[in-house]
Amino acid sequence: MKKLFTLLLFVFLAPNSIWGQIHGTFTVGTGGNYATLNDAITELNLFGIDGDCTFNILNDLTETSNICVGLNTKGHTITFKPAAGVIATVTFTKTADNTGASGNWVIGVPNLTTTSGTNYGMVTTNNIVIDGSNTVGGTTRDL
């Protein structure tokens with residue numbers, strides 16, 4: 001029993017970087033790994049990235065909140081594209097306001113501001129690809 005308790009304690013207290021970072025191909029939409037793009041990116045931001053990620057969109061999506069990739073991609077690529085053979089539309093219902101004081105945006109990379117109000121500048125996120133083709137290496141506009 002003591003060994004089991006020790007193992008469980010290790011599992012819950014160990015940092016995410018040991019096994020929790022994300023990489024691979026995931027599906028977004030009805031019946032997918034994630035219901036929305038926001039759900040996918042929230043998890044990505046929470047656990048981090050340790051390899052390239054592709055999010056294949058399965059069907060039309062309506063995103064009601066901002067999509068914010070707020071992590072250092074460490075040179076890995078995050079790709080959004082329609083799944084094979086899918087023609088999809090992603091509709092954003094959140095008002096974009098990149099110039100006003102509200103700080104709202106639709107897809108973007110945030111400034112890193114602490115709860116105390118200290119602004120550390122832009123988060124180092126790069127290598128984000130929005131690929132509209134539903135084939136590998138394709139040039140069609142299916143998204």
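Computed from a prediction, not measured in an experiment: that's the story for all the values here.
Legend: ring pair (Phe, Tyr, Trp, His ring centres under 6.0 Å) pairs involving residues 56-76, not counting sequence neighbours: none detected. Identified under the side-chain hydrogen bond (donor to acceptor under 3.5 Å, both in side chains) test for residues 134-143, with sequence neighbours left out: S133-T135, S133-T140, N134-D142, T140-D142. Sequence neighbours left out, the pairs with a member in residues 77-86 that pass salt bridge (Lys or Arg N to Asp or Glu O under 4.0 Å) are K81-D131. Applying the salt bridge (Lys or Arg N to Asp or Glu O under 4.0 Å) test to every pair with at least one member in residues 54-69, sequence neighbours left out, gives no pairs at all.
For the atom pair Q21 CD and I49 CD1, the distance stands at 8.5 Å (nearest 0.5 Å). Distance check, rounded to the nearest 0.5 Å: CD1 of I130 to CD1 of I78 gives 11.0 Å. From F80, atom CZ reaches atom CG of L143 across 10.5 Å, with rounding to the nearest 0.5 Å.
Cluster annotation: I128 is connected to L46 through the hydrophobic network of ILVMFWY side chains, with a link wherever side-chain heavy atoms come within less than 4.5 Å. Residues V86 and F26 do not share a hydrophobic cluster, defined by chaining ILVMFWY side chains whose heavy atoms lie under 4.5 Å apart. Residues I87 and F92 are members of separate hydrophobic clusters, defined by side-chain heavy-atom contacts under 4.5 angstrom among Ile, Leu, Val, Met, Phe, Trp and Tyr.
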Do any side-chain atoms of residues 51-58 form donor-acceptor pairs under 3.5 angstrom with protein atoms, and if so which ones, sequence neighbours left out?
from	atom 1	to	atom 2	distance (Å)
D52	OD1	T77	N	2.9

Between side-chain atoms of residues 30-37 and protein atoms elsewhere (two or more places apart, or another chain), which donor-acceptor pairs fall under 3.5 Å?
from	atom 1	to	atom 2	distance (Å)
N33	OD1	T27	N	2.7
N33	OD1	T27	OG1	3.0
Y34	OH	E43	OE2	3.0
T36	OG1	N38	N	3.4
T36	OG1	D39	N	3.0
T36	OG1	D39	OD1	3.3
T36	OG1	D39	OD2	3.3

